[in-house]
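The structure under discussion appears below in the form of structure tokens.
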Amino acid sequence: MGRVCVEVAVLDDPRLLDALDSLVGQRRPPDRVILAASTATPEPLLVEARRRAGPIPLEVARFAGGVVDARAGSLARIDEEITAFLDSDERAPPDWLASIVEPIESGRAAFSGGPTRPLRPPATSIERYSVLLEESIYRDLVPKSVTYVPLQNSAWRTDLLKRLGFDPRIPFAEDHDLESRAAREGAAGVFLPEAFVYHDQSDETSLYRWARKRYRYLVAMAMSLMKNGRLRGRLEERRPPVKHPLRYLEAAMKPFALLDAAIRWRRVRGATES
């Protein structure tokens, strides 16, 4: 059994404390937890987080920027053999960590991922759409390719994770890019339906904020698909639509996001290659 570090990225989110409570309650506790905190995270929240960690060694590291920047910056601080990721708005059942790291410890895989389940019944239409969207990812996309597993419920062989790293040119879809590059070089990834976590999406209350966040993700995902030569295949996929009115708004955003992504990717690729 290798040592396991769980990285939790946080940006001013009090739900972090519930996430930590769930890690303390693991049947197989982590050897260490790193809180990769944006500088926008208030210090009192981090003080309480240290208290909640109890017997688990906890390191708090602050990074400028958002969650993606904090996640990338934390890699240099990890020396355990396995790295697992959990988001501050998630809660892990007691068997989660043992389940998510087992394929790596046994040598079956270099990385693994599991699904999310709603923490409670959706209270708003936006939250309902977000839940349905996540369900469709695990039902319709992940069985076709493990590269669609979101990073926030995954585990990695740390040496592979550090060698590949996160591409700073593709924030918000850094997980898809990372997994695509891992798969391309032959690293085995597995999806574990039993390694689920609960996802609290109760903050999804503003249509404007949701649309902005979703558009940003669509742009980033298109950039990752372009970079990894998978855009044509994705456009040709026939994925059942999510049965919710917000799918029409998302469909309307996609052509603009695709054009935006093409412009951005051409610009950032040119700047890198020059």
Side-chain angles (χ1 to χ4, degrees), residues 7 9-12 36-41 61-76 85 87 111 113 130 133-134 137 141-142 144-152 154 156 160-187 189 204 206-237 239 246-274:
E7 190 248 56
V10 59
L11 171 64
D12 192 11
S38 166
T39 50
T41 305
R62 284 187 176 273
F63 301 93
V67 167
V68 177
D69 304 289
R71 180 174 283 151
S74 70
L75 290 184
F85 293 96
D87 271 6
F111 66 99
S130 298
L133 197 59
E134 285 194 350
I137 290 172
L141 290 181
V142 172
K144 296 177 182 178
S145 174
V146 73
T147 60
Y148 290 118
V149 172
L151 189 71
Q152 67 262 28
S154 68
W156 290 76
L160 174 66
L161 182 64
K162 285 192 170 189
R163 179 162 53 81
L164 294 176
F166 296 114
D167 188 340
R169 300 173 302 174
I170 309 180
F172 313 114
E174 76 281 3
D175 46 3
H176 178 264
D177 172 63
L178 171 66
E179 291 158 4
S180 296
R181 287 183 286 126
R184 190 164 63 244
E185 71 168 41
E204 298 285 358
S206 165
L207 180 61
Y208 172 77
R209 191 174 71 172
W210 170 85
R212 184 179 178 184
K213 179 180 176 181
R214 192 64 192 161
Y215 179 81
R216 186 172 57 186
Y217 169 78
L218 292 172
V219 171
M221 176 57 80
M223 290 175 67
S224 179
L225 291 166
M226 291 172 188
K227 174 188 174 183
N228 291 284
R230 298 181 57 192
L231 181 61
R232 180 185 294 273
R234 179 63 180 270
L235 293 175
E236 292 174 350
E237 288 179 354
R239 180 181 172 189
L246 282 179
R247 71 183 173 96
Y248 297 107
L249 177 56
E250 179 163 338
M253 290 193 291
K254 284 184 177 180
F256 298 99
L258 183 59
L259 177 60
D260 194 353
I263 295 171
R264 289 173 185 245
W265 178 239
R266 183 175 181 179
R267 183 171 64 243
V268 299
R269 185 178 58 179
T272 304
E273 294 174 351
S274 62

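Fair warning: this is a prediction, and the values are worked out from it, not measured in the lab.
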Could you state the interatomic distance from [atom1] ([X]) to [atom2] ([Y]), rounded to the nearest 0.5 Å?
{"X": "Leu207", "Y": "Leu249", "atom1": "CG", "atom2": "CG", "answer": "6.5 Å"}
{"X": "Leu225", "Y": "Ser180", "atom1": "CG", "atom2": "OG", "answer": "7.0 Å"}
{"X": "Leu151", "Y": "Phe85", "atom1": "CG", "atom2": "CZ", "answer": "4.5 Å"}
{"X": "Ser154", "Y": "Leu178", "atom1": "OG", "atom2": "CG", "answer": "8.0 Å"}
{"X": "Asn228", "Y": "Ile170", "atom1": "CG", "atom2": "CD1", "answer": "6.5 Å"}

Is any side-chain heavy atom of [Y] closer than 4.5 Å to one of [X]?
{"X": "Phe111", "Y": "Val146", "answer": "yes"}
{"X": "Leu164", "Y": "Glu179", "answer": "no"}
{"X": "Trp210", "Y": "Glu250", "answer": "yes"}
{"X": "Asp260", "Y": "Leu218", "answer": "no"}
{"X": "Leu160", "Y": "Arg181", "answer": "no"}
{"X": "Ile263", "Y": "Arg267", "answer": "yes"}

Taking Ser38 for the side chain and Gly65 for the main chain, is one N or O donor matched with an acceptor at less than 3.5 Å?
-> yes

Within the distance-only criterion (no hydrogens, no angle test), does the side chain of Ser74 pair as donor or acceptor with the backbone N or O of Glu7 below 3.5 angstrom?
-> no

Asp177: which of Lys227, Arg184, Arg230, Arg169 passes salt bridge (Lys or Arg N to Asp or Glu O under 4.0 Å) = Lys227

Among Lys213, Arg214, Arg209, find the residue that satisfies the salt bridge (Lys or Arg N to Asp or Glu O under 4.0 Å) test when tested with Glu204.
-> Lys213

Testing Tyr148, Phe166, Tyr217 for ring pair (Phe, Tyr, Trp, His ring centres under 6.0 Å) with His176, which one passes?
-> Tyr148

So does Glu237 pair up with Arg234, basic N to acidic O under 4.0 Å?
-> yes

Test salt bridge (Lys or Arg N to Asp or Glu O under 4.0 Å) on Arg71 and Asp87 and set out the steps.
-> CA-CA 10 Å; Arg71 180 174 283 151; Asp87 271 6; 2.8 Å; yes

With a cut-off of 6.0 Å (strictly less than), are more than 12 heavy atoms of other residues, nucleotides or ligands near CZ of Arg239?
-> yes

